[in-house]
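To start, the structure under review is shown below, and the notes come after it.
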There are 2 protein chains.
Amino acid sequence: MSTEGYGDLVTEPRWLDEKQARAWRGYRRMRALLDLQITRDLAADSGLSDADYDVLSNLSETSPHRLRLTELATTMLWSKSRLSHHLTRMQQRGLVDREECAGDARGSIIVLTEAGLRAIEEAAPHHVASVRKHMIDLLTDEEIAALDALSRRVVAHLTEAA
Amino acid sequence: MSTEGYGDLVTEPRWLDEKQARAWRGYRRMRALLDLQITRDLAADSGLSDADYDVLSNLSETSPHRLRLTELATTMLWSKSRLSHHLTRMQQRGLVDREECAGDARGSIIVLTEAGLRAIEEAAPHHVASVRKHMIDLLTDEEIAALDALSRRVVAHLTEAA
DNA sequence: GAAGTGTTGGTGACATGTCAACAGAGGGGT
DNA sequence: ACCCCTCTGTTGACATGTCACCAACACTTC
């Protein structure tokens with residue numbers, strides 16, 4: 001027998017049992033449908049994409065409404081490239097702005113504009129309602145607790161493994 | 001429009017409480033990290049993308065390894081356009097093929113090729129191992145059951161609402 | 001201080017997904 | 001046979017994400 005991390009996959013794959021397979025497929029299907037619905041609601045209610053909302057949300061939660069690009073990218077789990085591209089588009093729509101960084105001539109500071117703040121403040125109640133309607137309000141307290149616990153564990157595993 | 005049934009959002013938004021917010025954020029974060037990891041493992045082990053794997057997997061689970069495009073698109077929750085584009089790319093790589101439909105001159109039938117079958121058969125054990133390692137094996141039996149139950153409910157809600 | 005190393009943002013080429021429009025068939029009612 | 005409506009799959013334009021690479025800068029070491 002092999003002692004490698006995955007074991008001898010070719011001759012002895014450890015397939016998922018019935019319950020595990022149902023859970024995994026269910027998760028994938030929920031994920032696909034839920035994302036789609038949340039995205040649609042957000043676009044219809046506020047004209048924002050998921051990505052837009054996340055950026056605005058993270059910026060609005062900081063004290064002076066501004067963050068370094070790398071810092072923002074890290075907390076959002078985005079690549080710097082992706083964020084840079086997306087910020088360019090949001091900047092053209094007036095939702096965010098770039099300031100020069102005092103101490104470091106390379107760095108640019110991302111600032112939430114007035115329009116951006118208004119956008120996120122108007123979008124938030126609708127977004128929360130959407131999340132409730134399609135997910136949170138459908139779950140029992142026990143399921144909410146379970147989701148919290150298991151997601152925390154999976155996230156920890158994936159984060160430390162890096 | 002979509003604001004019906006949400007109540008008076010502007011004056012009375014029902015924000016998420018502490019536990020709900022943790023569960024929602026945890027879910028979103030898990031979703032992002034898990035997708036990334038599974039996608040990377042799949043690409044490294046098999047040279048396939050998530051999308052490739054899903055297509056091959058669905059095709060291989062049918063009896064004569066062939067499906068109408070619309071049928072495949074429906075089960076995968078994909079748009080016909082997306083599937084058509086993606087099949088064109090997979091066809092160029094020799095993983096699938098298109099056949100003319102006997103009874104319906106409009107339709108095209110998607111066929112799993114020999115190479116496609118080999119690809120999914122080689123990829124599957126690694127993929128299952130990846131899913132186990134980063135998700136399933138981290139959960140208790142109760143959590144698996146909870147995930148199954150809640151995802152089933154959310155999927156049902158989103159499906160019937162359409 | 002010169003060179004080597006790593007960090008920060010940005011850019012272009014490319015892969016992928018979305019949307020609207022389309023041509024070509026089907027299929028029912030008359 | 002004809003009109004009308006629907007369905008099928010494809011396509012092109014466009015939005016978005018990924019990847020590899022770059023220029024500017026900071027930090028160490030010699």
Side-chain angles (χ1 to χ4, degrees), chain A residues 31-33 35-44 46-56 59 66-93 95-111, chain B residues 31-33 35-44 47-56 58-59 66-93 95-111:
Chain A
R31 182 195 154 299
L33 284 165
D35 279 17
L36 197 61
Q37 191 59 50
I38 299 277
T39 300
R40 279 184 182 160
D41 285 357
L42 201 50
S46 324
L48 297 175
S49 68
D50 262 32
D52 297 334
Y53 188 89
D54 278 356
V55 170
L56 294 178
L59 275 180
R66 60 200 67 210
L67 277 174
R68 287 290 292 262
L69 187 144
T70 295
E71 202 173 351
L72 186 53
T74 301
T75 54
M76 295 182 68
L77 301 172
W78 280 23
S79 70
K80 284 180 283 189
S81 165
R82 175 183 180 186
L83 184 55
S84 180
H85 278 304
H86 202 267
L87 287 174
T88 303
R89 289 172 226 133
M90 292 182 73
Q91 191 172 16
Q92 286 166 356
R93 292 196 285 151
L95 296 172
V96 300
D97 211 352
R98 290 182 216 238
E99 285 181 356
E100 292 180 1
C101 183
D104 189 336
R106 294 167 301 178
S108 72
I109 297 184
I110 315 304
V111 192
Chain B
R31 182 196 155 299
L33 284 165
D35 278 18
L36 196 62
Q37 191 59 51
I38 299 278
T39 300
R40 279 183 182 162
D41 284 357
L42 201 50
L48 298 174
S49 68
D50 262 33
D52 296 335
Y53 188 90
D54 278 357
V55 170
L56 295 177
N58 275 287
L59 276 179
R66 61 200 66 210
L67 277 173
R68 287 289 291 263
L69 187 144
T70 297
E71 202 174 350
L72 186 53
T74 303
T75 53
M76 295 182 68
L77 301 172
W78 280 22
S79 70
K80 285 181 284 188
S81 165
R82 175 182 180 185
L83 184 55
S84 181
H85 278 305
H86 202 266
L87 287 174
T88 303
R89 289 172 225 134
M90 292 182 73
Q91 193 172 14
Q92 287 167 354
R93 292 196 283 151
L95 296 172
V96 299
D97 212 351
R98 291 182 219 237
E99 283 180 358
E100 292 180 2
C101 183
D104 191 337
R106 295 168 300 180
S108 73
I109 297 185
I110 315 306
V111 192

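To find a chain, count down the sequence lines: A is the first, B the second, and so on, and within it residues start at 1.
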- Message: Please determine whether any donor N or O and acceptor N or O are separated by less than 3.5 Å between the side chain of A:Ser81 and the base of D:dC19.
- Response: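 Between D:dC19 and A:Ser81, which were checked side chain against base, a qualifying N/O pair under 3.5 Å is present.
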
- Message: Quick check on salt bridge (charged side-chain N to carboxylate O under 4.0 Å, His left out): which of B:Glu100, B:Glu71, B:Glu99 does B:Arg66 satisfy it with?
- Response: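 The residue from B:Glu100, B:Glu71, B:Glu99 that satisfies salt bridge (charged side-chain N to carboxylate O under 4.0 Å, His left out) with B:Arg66 turns out to be B:Glu99.
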
Whole angstrom value for the distance that separates [atom2] of [N] from [atom1] of [X]:
X        : N      : atom1 : atom2 : result
A:Asp50  : C:dT18 : CG    : C1'   : 15 Å
B:Leu67  : D:dG9  : CG    : P     : 11 Å
B:Glu100 : D:dG9  : CD    : P     : 13 Å
A:Leu87  : C:dG10 : CG    : C1'   : 11 Å
B:Leu36  : D:dG17 : CG    : P     : 14 Å
B:Leu48  : C:dT16 : CG    : C1'   : 16 Å
A:Leu83  : D:dT18 : CG    : C1'   : 14 Å
B:Ile109 : D:dG9  : CD1   : P     : 9 Å

- Go through the steps to decide whether A:Leu83 and A:Thr70 satisfy the test side chain to side chain contact (heavy atoms under 4.5 Å, CB included), and finish with yes or no. CA-CA 9 Å; A:Leu83 184 55; A:Thr70 295; over 6 Å; no

- Item | 5' priority, DNA chain C, between B:Trp78 and A:Glu71 [closest heavy atom] |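 Nearest-nucleotide comparison on DNA chain C picks A:Glu71.
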
- What nucleic acid atoms does A:His85 come within less than 4.0 Å of, heavy atoms only: base, sugar-phosphate, or nothing?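 Since a base atom lies under 4.0 Å of A:His85, the category is base.
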
Strictly below 4.0 Å: does [X] bring a side-chain N or O up to OP1 or OP2 of [N]?
X       : N      : result
B:Ser84 : D:dT10 : yes
A:Arg68 : C:dT7  : no
A:Arg98 : C:dG10 : yes
A:Arg82 : C:dA15 : no

- Considering only side-chain heavy atoms of A:Leu69, which listed nucleotide, C:dG9, D:dT18, D:dT8, is closest?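 Of the options given, the side chain of A:Leu69 lies nearest C:dG9.
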
- Message: Can you tell me which nucleotide in C:dT8, C:dG17, D:dG9 comes closest to the side chain of B:His86?
- Response: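 From the listed options, C:dG17 comes nearest.
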
Would you mind reporting whether [Y] and [X] have side-chain heavy atoms less than 4.5 Å apart?
X       : Y        : result
A:Arg68 : A:Ile110 : no
B:Ser49 : B:Arg89  : no
A:Gln37 : A:Leu33  : no

- Message: Can you tell me how far apart CG (B:Leu48) and OG1 (B:Thr39) are? Round to the nearest 0.5 Å.
- Response: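 B:Leu48 CG to B:Thr39 OG1: 11.5 Å, rounded to 0.5 Å.
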
- Message: If I take atom CG from residue B:Asp97 and atom OG from residue B:Ser108, how far apart are they, to the nearest 0.5 angstrom?
- Response: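 With rounding to 0.5 Å, CG (B:Asp97) is 10.5 Å from OG (B:Ser108).
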
- Helix axis bend for the helix from C:dG1-D:dC30 to C:dT30-D:dA1 - C1'-based end axes, five pairs, 10° rounding: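 Inter-axis angle at the ends, rounded: 10°.
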
